[in-house]
2 protein chains.
Amino acid sequence: MPKIGMEPIRRASLIKATIAEIGNVGSLEVTVSRIAKRAGMSSALAHHYFGSKEAMFMAAMRHVLTVYGAEVRGALAAADGPEARVRAVIRASFSTSNFRREVISAWLNFYVLAQTRDEARRLLAVYQRRLVSNLTHGLRPLIGARAAQVACSIAVMIDGAYLHAALSETPNATRAVGRVEDYLTLALNAG
Amino acid sequence: MPKIGMEPIRRASLIKATIAEIGNVGSLEVTVSRIAKRAGMSSALAHHYFGSKEAMFMAAMRHVLTVYGAEVRGALAAADGPEARVRAVIRASFSTSNFRREVISAWLNFYVLAQTRDEARRLLAVYQRRLVSNLTHGLRPLIGARAAQVACSIAVMIDGAYLHAALSETPNATRAVGRVEDYLTLALNAG
DNA sequence: GATCGTTTATTGACTAGTCAATCAACAAAA
DNA sequence: TTTTGTTGATTGACTAGTCAATAAACGATC
């Protein structure tokens, strides 16, 4: 019983199912059939809307980045003053939504994909530049010219702490945030 | 014409070929046939010596970690004094051998594997503990009780910087080392 | 030092299963 | 009737792992 206007609904379902399935299996070795089944349709329909398995991955990752970006913007809007803005960006990177198993899985596999697929690499670069830019703007009023340098270091530390936390036996976002904020404090007091 | 004593030679060839093939494809979606072909034997022989594809991956990763461990030990032996030892550990983590494409690929896929395979997770934990331990021992005489904390932060920063460098358009080990060493300097001067 | 059973090395062929992508065909809306 | 939604069936290619069979080296025994 075909209904009209299904495209956006189907696409959203498929993206959600793709992320869930990647989280379940832990890798990109998921089948289009399983994704489609989870989304309540045939695999042929998944191909109809996305064209290929890889396109589904990319759309899924773009969705993860969109959600993350919205969280960052929300946290920035609620922050009062430059230092609070920097801390908001850091904390948003370790939000509970970023620590769901399937999102962790998506990130790790995204790194793998970024080695060989230019589209993934570009997307990753965009995310990193935005992160550094957000941090730099917050840091500039606090430490002036050192802002760019420190922002890069914080970005590196966020990714490292995320990786460590994600792969530790007991993932602990709070500890990870603490580690990055300790560095921030150190950098701010070293004027 | 079978010759005796082939087992260690075959195993070494297969490990080398596995790493090379992973580096080529960029993921674990490599076939046993291709690995075996690259190593100059039939796929049946690869199964004979390793039993499964996953066992080949694990052996390959263990080899990467062994080489890395040897580099660290070498750098530590040549280092003079605590601070030099800390810097030696940092620099060894960004050695040229760790920046070969296939080794980067092995690391990224190892992270992915560590999500779901206990053996991979355990191996990763061993590597991380050793890294932190090495750093802590070097830091203790310099900053006493803060050593453990700072060692963890450096370890996190090493992984983050490695990730960034590995996935940037122009991988640059020197810049990555510099970033971690900057943090070290900051931490040492913040007594 | 010839004989023979055992171990090790090695492969081609095969099993049994997987999967991405395609396509013809059908159903409802416009 | 053209567009949009939808699927079952199929294709064509690929894969991990098994197995029987072969052949060289080893070692013990006579």
Side-chain angles (χ1 to χ4, degrees), chain A residues 1-61 105-106 109 112-113 116-117 119-120, chain B residues 1-61 105-106 109 112-113 116-117 119-120:
Chain A
M1 51 273 187
K3 301 154 214 162
I4 67 147
M6 291 303 282
E7 176 153 1
I9 297 169
R10 293 301 199 190
R11 289 184 94 95
S13 301
L14 281 168
I15 285 173
K16 213 176 141 190
T18 302
I19 296 169
E21 205 61 30
I22 290 174
N24 236 32
V25 179
S27 77
L28 298 185
E29 284 164 45
V30 296
T31 69
V32 176
S33 297
R34 285 189 66 87
I35 294 172
K37 188 175 209 176
R38 187 188 279 263
M41 71 195 80
S42 74
S43 67
L45 198 50
H47 276 105
H48 173 66
Y49 282 125
F50 282 98
S52 76
K53 190 163 120 168
E54 198 173 321
M56 292 170 74
F57 290 155
M58 289 307 301
M61 199 61 217
S105 215
N109 284 287
V112 168
L113 215 57
T116 50
R117 308 299 151 146
E119 200 184 345
Chain B
M1 51 274 182
K3 301 155 213 160
I4 68 148
M6 290 306 281
E7 175 153 1
I9 297 168
R10 293 302 199 189
R11 290 185 94 96
S13 301
L14 281 168
I15 286 173
K16 212 176 144 190
T18 302
I19 296 170
E21 205 60 29
I22 291 174
N24 237 33
V25 179
S27 77
L28 298 184
E29 284 164 46
V30 295
T31 69
V32 176
S33 298
R34 285 189 65 87
I35 294 171
K37 189 175 208 173
R38 186 188 278 263
M41 70 195 81
S42 74
S43 68
L45 198 51
H47 276 105
H48 172 65
Y49 282 124
F50 281 99
S52 76
K53 190 164 120 165
E54 198 174 319
M56 292 170 74
F57 290 154
M58 289 307 301
M61 199 60 216
S105 213
N109 284 289
V112 167
L113 214 57
T116 51
R117 308 299 151 144
E119 200 184 345

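None of these values were measured; they are calculated from a predicted model. In what follows, chains carry the letters A, B, and so on, assigned in the order in which the sequence lines appear, proteins first and then strands, with residues in each chain numbered from 1.
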Participant: For C:dA9, take OP1 and OP2 only and decide whether either is under 4.0 Å from a side-chain N or O of B:Tyr49.
Facilitator: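 Answer is yes, contact under 4.0 Å.
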Participant: Atom OG of B:Ser43 and atom NE2 of B:His47: how far apart are they, to the nearest 0.5 Å?
Facilitator: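 B:Ser43 atom OG to B:His47 atom NE2 measures 6.5 Å (nearest 0.5 Å).
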Participant: Any non-hydrogen side-chain atom of A:Arg11 less than 4.5 Å from a side-chain atom of A:Leu14?
Facilitator: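 Side chain of A:Arg11 against side chain of A:Leu14, heavy atoms only: no contact under 4.5 Å found.
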Participant: Please report the distance, rounded to the nearest Å, between NZ in B:Lys53 and P in D:dA16.
Facilitator: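 From B:Lys53 NZ to D:dA16 P: 4 Å.
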Participant: Got B:Leu113 and B:Met58 here, is their nearest side-chain heavy-atom distance under 4.5 Å?
Facilitator: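 They are in contact (side-chain heavy atoms under 4.5 Å apart), so the answer is yes.
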Participant: Under 4.5 Å between any side-chain heavy atoms of A:Thr18 and A:Ile22, yes or no?
Facilitator: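 Yes; the side chains approach each other to less than 4.5 Å.
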Participant: Identify which nucleotide among C:dT10, D:dA16, D:dT6 has an atom closest to any side-chain atom of B:Met6, counting heavy atoms from C-beta outward.
Facilitator: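 So the side chain of B:Met6 is nearest to C:dT10.
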Participant: Output the pairing pattern of DNA chain C as a dot-bracket string, 5' first, Watson-Crick or G-U wobble with both distances under 3.5 Å, | for cross-strand pairs, [ ] for crossing pairs.
Facilitator: ||||||||||||||||||||||||||||||
Participant: In terms of heavy-atom contacts, does CZ of B:Arg34 have more than 12 from other residues, nucleotides or ligands at under 6.0 Å?
Facilitator: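 Counting other residues, nucleotides and ligands, CZ of B:Arg34 stays at 12 neighbours or fewer.
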Participant: I'd like to check A:Arg10 versus A:Phe50 (side-chain heavy atoms, cut-off strictly below 4.5 Å). Are they in contact?
Facilitator: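 No, every pair of side-chain atoms sits at 4.5 Å or beyond.
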Participant: Are A:Asn109 and A:Phe57 side-chain neighbours, meaning at least one heavy-atom pair lies under 4.5 Å?
Facilitator: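 SC-SC contact between A:Asn109 and A:Phe57 ruled out.
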Participant: Take the protein atom CD of A:Glu7 and the nucleotide atom P of D:dT6, then report the distance between them rounded to whole Å.
Facilitator: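 One finds 10 Å between P of D:dT6 and CD of A:Glu7, rounded.
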Participant: What's the CZ-P distance between A:Arg11 and D:dT4, to the nearest Å?
Facilitator: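 Spelled out: CZ on A:Arg11 to P on D:dT4 is 14 Å.
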Participant: Using the 3.5 Å cut-off, write out each protein N or O paired with an N or O of nucleotides 11-14 of chain C and the distance between them.
Facilitator:
{"from": "C:dT11", "atom 1": "OP2", "to": "B:Ser42", "atom 2": "N", "distance (Å)": "3.2"}
{"from": "C:dT11", "atom 1": "OP2", "to": "B:Ser42", "atom 2": "OG", "distance (Å)": "3.4"}

Participant: Side-chain contact, heavy-atom cut-off 4.5 Å: A:Met61 with A:Ile19?
Facilitator: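 When only atoms from C-beta onward are counted, A:Ile19 and A:Met61 do not touch, as no gap falls below 4.5 Å.
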Participant: Starting at atom CD1 of B:Ile9, determine the distance to atom P of C:dT10, rounded to an integer number of angstrom.
Facilitator: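 That distance rounds to 9 Å.
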Participant: For B:Phe50 and C:dT10, what is the distance between atoms CZ and C1' respectively, to the nearest whole Å?
Facilitator: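 It works out to 16 Å between those atoms.
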Participant: Just the rounded figure in Å: distance from P of C:dA21 to CE of A:Met56.
Facilitator: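 Roughly 10 Å, once rounded to whole Å.
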Participant: How close or far is atom P of D:dG17 from atom CD1 of B:Ile35, stated in whole angstroms?
Facilitator: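 Taking atom P of D:dG17 as the reference, CD1 of B:Ile35 is at 11 Å.
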Participant: Grab the CD-P distance between B:Glu29 and C:dC19 for me, whole Å please.
Facilitator: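 That distance rounds to 12 Å.
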Participant: Please tell me if the side chains of B:Leu28 and B:Val112 come closer than 4.5 Å, counting only heavy atoms from C-beta onward.
Facilitator: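 Answer no - side chains too far apart.
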